[in-house]
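Note sheet for the following structure.
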Amino acid sequence: MNLPNKITISRIFMIPVFMVVMLADFNWGDISLLGAVMPVTHFVGAIIFIIASTTDWVDGYYARKYNLVTNLGKFLDPLADKLLVSAALVILVGIDAAPSWIVIVIISREFAVTGLRLVLAGGGEVVAANQLGKIKTWTQIIAISALLLHNILFELFSIPFADIALWVALFFTIWSGWDYFNKNKHVFTDSK
């Protein structure tokens, strides 16, 4: 197994650690930092989430730079991304930090695009992540991080950055989903 795939697997293993920190009944108290007051568990969970999210860029960088792209990596990388983002979004609903309907839309888009990719793969077509999909992923990561960190820094200025970031992520999620389906609508009209 090559280094990029090991990094991707480490991201998958960070997901349950993130979930335990966020969901277990630890009473580590609160932390006040740059205008935000949050439970220590949310701060630690946010750091784990941010580190895990950063590995997405790292594994892709090494895979491309050293020509280490593998079918296993093509399978695991988007799976790891979707598992991490979905777990974080569900937790945010559970702690009343994100509206459930927005989370349902985001997760539904992920399932729909994954299904589209499977149908296309069955016909021999591979759909790589495009620029819009990458923007979608990073806006989601920024929004989730800001929500986990209780709008840190922006609370000092009464700017609802975390909420705005979530709306931006929702916008790019819908747009990129529409883009994938629009560019591949032939799969639903072609008969075999």
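Under a hydrophobic-cluster definition in which Ile, Leu, Val, Met, Phe, Trp and Tyr are linked whenever side-chain heavy atoms come within less than 4.5 Å, directly or via other members, Leu3 and Val58 are assigned to the same cluster.
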Pairs of donor and acceptor atoms involving the side chains of residues 22-40, under 3.5 Å and at least two apart or interchain, shall be tabulated with distances.
none

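For Glu110, the salt bridge (Lys or Arg N to Asp or Glu O under 4.0 Å) criterion is met by Lys82, Lys136, not counting sequence neighbours.
Atom CG in Asn182 sits 12.5 Å away from atom CH2 in Trp175 (nearest 0.5 Å). The distance from the OG1 atom of Thr55 to the CD1 atom of Ile9 is 11.5 Å, given to the nearest 0.5 Å. Between the OG1 atom in Thr70 and the CG atom in Asn5 there is a gap of 3.5 Å [rounded to 0.5 Å]. One distance of note links CE of Met1 with OG1 of Thr8; it measures 9.5 Å at 0.5 Å rounding. The CG atom of Asn2 sits 10.5 Å away from the CG atom of Asn67 when rounded to the nearest 0.5 Å. The structure places CD1 of Ile12 at 9.0 Å from CG of Asp77, a figure rounded to the nearest 0.5 Å.
The neighbour count for Tyr62 OH, taken as heavy atoms of other residues, nucleotides or ligands under 6.0 Å away, does not exceed 12. The neighbour count for Phe171 CZ, taken as heavy atoms of other residues, nucleotides or ligands under 6.0 Å away, is above 12.
Counting heavy atoms from C-beta on, the side chains of Ser176 and Ile135 never come closer than 4.5 Å. The side-chain heavy atoms of Val113 and Phe181, taken from C-beta on, include a pair separated by under 4.5 Å. The shortest side-chain heavy-atom distance between Trp138 and Phe172 does not fall under the 4.5 Å cut-off. At least one side-chain heavy atom of Thr137 sits less than 4.5 Å from a side-chain heavy atom of Asp56. Between Leu132 and Tyr180 there is no side-chain heavy-atom pair separated by less than 4.5 Å. Annotation: side chain of Arg109 is not in contact with side chain of Ile106 (no heavy-atom distance under 4.5 Å). A heavy-atom distance below 4.5 Å is not found between the side chains of Ile164 and Phe154. Contact annotation: the side chain of Ile142 approaches that of Phe161 to within less than 4.5 Å [non-hydrogen atoms, C-beta and beyond].
Taking the six-membered ring for Trp and thresholds of 30 and 60 degrees, Tyr61 and Trp57 have nearly parallel ring planes, at less than 30 degrees apart.
For the side-chain contact (heavy atoms from CB on, under 4.5 Å) criterion with Ile102, the lone passing option out of Leu170, Val93, Thr173 is Leu170.
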Derivation and outcome, side chain to side chain contact (heavy atoms under 4.5 Å, CB included), residues Asp81 and Arg11: CA-CA 8 Å; Asp81 295 343; Arg11 180 161 71 252; 3.2 Å; yes
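A ring pair (Phe, Tyr, Trp, His ring centres under 6.0 Å) check over residues 100-130, counting only residues at least two apart or in different chains, returns the pairs Trp101-Trp167.
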